[in-house]
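Please read the structure below before turning to the comments.
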Amino acid sequence: YTVALNNTVPTASLIASPQAIDCNNNSSSLSATTSATNASYAWAASSGSFGGNSSTQTVTAGDTYTVTVTDNTNGCSAQQTVTVIVDTIAPSLTVTPQNAALTCTNNSASITANSQNVTYSWNGPLSFTASTASISAIQAGTYSVVVTNTVNGCTNSGTAVVTSNITVPNANAGADALMACGVTTLNLNGSSSTSSTIASWTGPNGFTSTVMNPSVSSAGQYVLTITDTTNNCISTDTVIITTNGVTAAFTANPAVGFSPLNVTFTNTSTGATGYVWNFGNGDSSTVTNPVDVYTGTGTYTVMLIAYNS
């Protein structure tokens with residue numbers, strides 16, 4: 001009789017799909033293949049054996065896995081190993097700045113999520129969304145970003161808080177004032193109830209000042225500008241300075257004639273509350289629009305003194 005020798009070792013291969021357990025995949029499928037038509041499978045892991053005798057296994061932990069394939073026809077066997085790794089490391093993330101403020105001169109805040117190999121997903125006030133690393137925030141509120149690693153699907157998150165500081169400061173230029181006769185200067189009475197402010201004035205004849213209560217010598221409108229140094233917001237107020245000026249003026253009708261001549265004087269003075277007339281002929285009056293009689297011939301000089309209280 002003839003004895004045939006059958007000691008052919010079967011071929012074996014082993015693959016893991018996927019080879020990494022990460023945030024996208026919480027398990028890996030191990031699949032063994034062999035040339036043996038009548039084979040059995042024995043599985044083991046470096047951390048210990050685990051059951052199962054099929055050609056496929058599902059694992060949920062990172063390890064080095066070994067499959068032993070035995071050809072049941074001749075008892076020969078072969079081994080293959082595969083390593084399943086675990087990659088659940090979240091991407092690094094820093095959000096800068098974490099706090100920002102909108103002001104009167106800065107109506108948007110630039111916020112950046114610093115990370116690598118990720119996608120970005122922002123959410124914020126008034127249904128704000130964005131998918132870029134940097135955003136421009138124009139509304140006060142909390143802006144949240146989620147970054148997702150493009151390789152392992154793991155995420156990290158961060159926030160930035162944007163506040164709004166656009167309150168205008170208080171500005172008070174003081175009450176309108178009168179610069180009386182004989183007074184050549186007066187001090188403006190500017191003030192602000194807001195702290196951390198600077199003042200500036202403008203006025204007639206190119207007047208400027210950065211003093212809160214400057215001295216002025218001209219009548220006119222003065223504008224006080226108050227700037228809040230914390231948010232650069234400004235407000236203005238005005239004050240009117242008037243002078244107590246009096247002008248004396250009149251007309252005489254008729255100015256020439258035969259005596260006795262009745263002359264009517266029409267007062268065209270401004271800013272006055274009282275009058276003293278000297279008609280040059282020895283007569284006088286305090287009437288606003290007097291009439292005087294000239295009985296002698298000659299040329300007369302009339303003087304009007306206008307004054308106020």
Side-chain angles (χ1 to χ4, degrees), residues 12-33 41 43-52 54-67 80-167 228 230-233:
S13 64
L14 177 60
I15 60 173
S17 179
Q19 199 162 350
I21 295 174
D22 55 25
C23 295
N24 289 324
N25 304 282
N26 58 10
S27 65
S28 177
S29 178
L30 307 182
S31 178
T33 57
Y41 304 86
W43 295 88
S46 61
S47 58
S49 61
F50 65 97
S54 65
S55 61
T56 61
Q57 296 289 326
T58 299
V59 297
T60 58
D63 208 335
T64 298
Y65 295 93
T66 301
V67 63
Q80 289 291 337
T81 62
V82 69
T83 298
V84 176
I85 63 173
V86 175
D87 181 11
T88 55
I89 299 175
S92 63
L93 173 64
T94 56
V95 177
T96 55
Q98 291 184 320
N99 295 281
L102 304 178
T103 67
C104 289
T105 54
N106 183 25
N107 57 11
S108 66
S110 179
I111 304 171
T112 300
N114 300 287
S115 191
Q116 291 183 334
N117 301 319
V118 296
T119 60
Y120 301 88
S121 178
W122 288 92
N123 288 279
L126 302 180
S127 302
F128 173 87
T129 59
S131 58
T132 54
S134 296
I135 62 171
S136 180
I138 60 174
Q139 298 289 337
T142 299
Y143 292 79
S144 302
V145 61
V146 175
V147 295
T148 303
N149 187 290
T150 56
V151 176
N152 65 10
C154 296
T155 62
N156 201 348
S157 63
T159 59
V161 176
V162 177
T163 58
S164 179
N165 183 7
I166 56 174
T167 302
D228 187 336
T230 64
N231 62 6
N232 294 317
C233 296

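Keep in mind the model is a prediction, meaning the values are calculated, not measured. One is the number of the first residue; the rest follow in order along the sequence.
- Y143 has its side chain out of reach of V95: every pair of non-hydrogen atoms, C-beta onward, lies at least 4.5 Å apart.
- Closest approach of P125 and G141 over heavy atoms only: CG-CA, 3.7 Å.
- Side-chain contact between C154 and P91: present, with at least one pair of heavy atoms (C-beta onward) separated by less than 4.5 Å.
- You'll find the side chain of L102 stays beyond 4.5 Å of the side chain of N107, heavy atoms only.
- Nearest approach of W122 to A133, heavy atoms of both residues: CZ2-O, 3.7 Å.
- No side-chain heavy atom of D228 sits less than 4.5 Å from a side-chain heavy atom of T103.
- The side-chain heavy atoms of V118 and N156, taken from C-beta on, include no pair separated by under 4.5 Å.
- Among all heavy-atom pairs drawn from V146 and S157, the shortest one is CG2-CB, 4.2 Å.
- Within the structure, the disulfide bond (SG atoms under 2.5 Å apart) test picks out the following pairs touching residues 83-129 (sequence neighbours left out): C104-C233.
- Counting only heavy atoms from C-beta outward, the side chains of N117 and V151 never approach each other to under 4.5 Å.
- Put simply, the side chain of D63 gets close to the backbone of S47: a donor and an acceptor are under 3.5 Å apart.
- In this structure a side-chain-to-backbone donor-acceptor pair under 3.5 Å is present from S28 to P18.
- One finds the CG atom of L14 at 6.0 Å from the CG atom of L30 (value rounded to the nearest 0.5 Å).
- Side-chain contact annotation: T96 with N114, donor-acceptor N/O pair under 3.5 Å present.
- Between the side chains of S144 and T159, no donor-acceptor pair is found at a separation under 3.5 Å.
- Rounding to the nearest 0.5 Å gives a distance of 9.0 Å between CG of N149 and CG of N24.
- Other residues, nucleotides and ligands contribute over 12 non-hydrogen atoms within 6.0 Å of the CD1 atom of I85.
- Distance alone, capped at 3.5 Å, is enough to place a donor-acceptor pair between the Q19 side chain and the T83 backbone.
- Annotation: side chain of V67 is not in contact with side chain of Y65 (no heavy-atom distance under 4.5 Å).
- Considering all non-hydrogen atoms of both residues, S115 and Y120 come closest at O-OH, 3.5 Å.
- Looking at heavy atoms from C-beta onward, T150 lies in side-chain contact with T119 at the 4.5 angstrom threshold.
- L93 CG to T155 OG1: the interatomic distance, rounded to the nearest 0.5 Å, is 10.0 Å.
- Closest non-hydrogen pair, V82 versus A16, comes out as CG2-CB, 3.9 Å.
- A distance of 4.0 Å separates CD1 in I135 from CZ in F128, rounded to the nearest 0.5 Å.
- Listed by first and then second residue, the disulfide bond (SG atoms under 2.5 Å apart) pairs that reach into residues 106-147 come to none, sequence neighbours excluded.
- What you find for S136 and S108 is that their closest heavy atoms are OG-CB, 3.5 Å.
- Remark: I166 CD1 is loosely packed, at most 12 non-hydrogen atoms of other residues, nucleotides or ligands lying under 6.0 Å away.
- Applying the side-chain contact (heavy atoms from CB on, under 4.5 Å) rule to D87 yields the partners D22, I89, N152; only residues at least two apart in sequence or on another chain are considered.
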